[in-house]
Amino acid sequence: MNNRDNLISIIVPCYNEEHAIPYFYKAITEHSTLMKNEFGVDFEYLFINDGSVDNTLTVLKEYASKDNRVKYISFSRNFGKESAMYAGLKNASGNYIAIMDADLQDPPYMLTEMYKTIIESDYDCVATRRTTRIGEPPIRSFFARCFYKLINRISKTDIVDGARDYRLMTRQMVNAIIDMGEYNRFSKGIFGWVGFNTKWIEYENVERVAGETKWSFWKLFLYSLDGITAFSTIPLALSSILGFLLFIIAFILVFVIIIKTLIWGDPVAGYPSLVCIICFLSGVQMFCLGILGQYLSKTYLETKKRPIYIVKESNKENYQ
Ligand code: UDP
Ligand code: MG
């Protein structure tokens, strides 16, 4: 019987993880037994099948038939990890909720420290950040670092470099996150935006146990744009600033040309420079229009109020 006062829900987004899930299940159940003995907590494993095209759902159903702690929610198609996490948070029954990847890159042993910290102090959340990026292509690490530097400069929300989605939160904090029903979800920002006391614990990067990463460079790039548009409006101001600077430069140039003509009677010359200037300015204009377009497209999608995910099947009663 589940003791609802002490139930930890583990949310596991899964996309084509048929090979990783058995390892994950073994590791998490072993650790759950340890924690149950030590703290008397119960567990619920909430797997979100994010439109996998392999046998992930079959594997999940198999575990669910043997272990009533295993719950699954299966989407009608792939909606992305952000949607999967949101579905997990909305459907978790526990009063403490953790998010973990299915590939064991989030070590289960850390749950003990997280849980201890949350119950013994007044932290609302214990989150993890990795200190190394071993096993990742160097170019990806480089761009990731640049992204974090940039976004922290242009956004008031604290977005921690190396932060994983692996964290344990209280019900109160999770409710606050659920209330943020925005369509363009960037959880790393949302976690920071809702506030509450977060303790960071660090660990070294672990490589995934089976299968391969679902994030291509392009997907990550688009995700970083989501992050910027969702948590900063500075790029919009950038176009005004650029426009103003160009206006001042043009003003100075006008004076220079008038004076030059008056003193030396310089004939009008400089076709090449004119072409360069025109190209430069159209470049700047297109760039600014692009920024505007980004925000407009996000607003457009947001106003449509489409569901963040669609559930096809689940073994959870009253799933949402
Ligand atoms: N994931 C998902 N939907 C997606 C992509 C990924 O639910 O569209 C899940 C995936 O199954 C894994 C987690 O998100 O459990 C992290 O993905 P991955 O390990 O590929 O990312 P990485 O660790 O390389 O950043
Ligand atoms: Mg991974």
Side-chain angles (χ1 to χ4, degrees), residues 9-28 45-60 63 70-92 97-108 110 127-145 147-148 159-167 183-188 191 203-224 226-227 308-312 314:
S9 295
I10 311 267
I11 297 168
V12 194
C14 304
Y15 177 52
N16 295 347
E17 300 284 10
E18 61 175 357
H19 299 298
I21 289 171
Y23 293 103
F24 176 82
Y25 178 77
K26 185 167 178 287
I28 194 72
Y45 314 121
L46 184 52
F47 291 90
I48 316 293
N49 174 32
D50 183 14
S52 303
V53 289
D54 64 358
N55 290 320
T56 300
L57 186 59
T58 322
V59 176
L60 289 178
Y63 283 111
V70 175
K71 304 278 182 236
Y72 63 84
I73 288 177
S74 188
F75 287 176
S76 59
R77 64 166 170 88
N78 177 250
F79 281 86
K81 186 183 178 189
E82 285 292 340
S83 306
M85 289 195 290
Y86 187 63
L89 293 174
K90 270 191 105 158
N91 287 288
I97 291 122
I99 301 174
M100 283 174 91
D101 285 1
D103 57 8
L104 284 182
Q105 280 192 302
D106 301 330
M110 293 176 86
T128 57
R129 63 181 286 264
R130 49 182 184 174
T131 48
T132 54
R133 286 177 173 272
I134 295 169
E136 207 182 55
I139 182 103
R140 182 181 285 196
S141 308
F142 171 76
F143 278 109
R145 282 212 187 89
F147 167 72
Y148 282 109
I159 295 167
V160 179
D161 186 4
R164 307 256 326 157
D165 294 322
Y166 182 27
R167 50 176 63 225
Y183 184 78
N184 296 293
R185 302 192 71 76
F186 184 71
S187 287
K188 287 179 171 53
F191 293 143
Y203 73 108
E204 285 192 9
N205 193 28
V206 192
E207 291 196 35
R208 66 157 42 235
V209 62
E212 51 193 53
T213 178
K214 310 296 179 304
W215 294 90
S216 63
F217 189 80
W218 179 240
K219 248 180 149 180
L220 276 177
F221 176 72
L222 292 181
Y223 186 53
S224 68
D226 276 352
I308 297 170
Y309 59 87
I310 295 168
V311 180
K312 187 170 172 215
S314 170

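Every number for a ligand or one of its atoms is a count from 1 in the order of the listing.
- Remark: the S52 side chain and the E17 side chain contain no N/O donor-acceptor pair separated by less than 3.5 Å.
- The Mg ion (ligand 2) has an N, O or S atom of Q105 closer than 2.8 Å.
- Each of the following atoms of ligand 1 lies closer than 4.0 Å to a heavy atom of R208: 18 (P), 19 (O), 20 (O).
- The CD1 atom of I159 sits 12.0 Å away from the CZ atom of F191 when rounded to the nearest 0.5 Å.
- Atom CG in N49 sits 7.5 Å away from atom CD1 in I21 (nearest 0.5 Å).
- Here the N, O or S atom of D103 that is nearest to the Mg ion (ligand 2) is OD2.
- Distance OH/Y183 to CZ/R185: 12.0 Å, rounded to 0.5 Å.
- Salt-bridge formation is detected for the pair D101/K81: a Lys NZ or Arg NE/NH1/NH2 atom is positioned less than 4.0 Å from an Asp or Glu carboxylate oxygen.
- Closest protein heavy atom to atom 10 (C) of ligand 1: E17 OE2, 3.1 Å.
- Between the side chains of Y166 and Q105, no donor-acceptor pair of N or O atoms lies under 3.5 Å.
- When non-hydrogen atoms are compared, ligand 1 lies under 4.0 Å from the backbone of D101 as well as from its side chain.
- Those atoms of ligand 1 with a heavy atom of Q105 less than 4.0 angstrom away are 19 (O), 22 (P), 23 (O).
- Not less than 6.0 angstrom separates the ring centroid of F79 from the ring centroid of Y309.
- Nearest residue to atom 8 (O) of ligand 1 from N205, N78, V209 is N78 (criterion: closest heavy atom).
- The ring of Y45 has its center no closer than 6.0 angstrom to the ring center of Y72.
- Here K214 has heavy atoms under 4.0 Å from ligand 1 in both its backbone and its side chain.
- Within the 4.0 Å heavy-atom criterion, both parts of A102, backbone and side chain, lie near ligand 1.
- Within ligand 1, the atoms closer than 4.0 Å to a non-hydrogen atom of C14 are 7 (O), 11 (O), numbered from 1 in the order shown.
- Residue-ligand proximity, D50 to ligand 1, at heavy-atom distances under 4.0 Å covers atoms 2 (C), 3 (N), 4 (C), 7 (O), 8 (O).
- Scanning the protein heavy atoms around atom 25 (O) of ligand 1, the nearest turns out to be W215 CD1, 3.7 Å.
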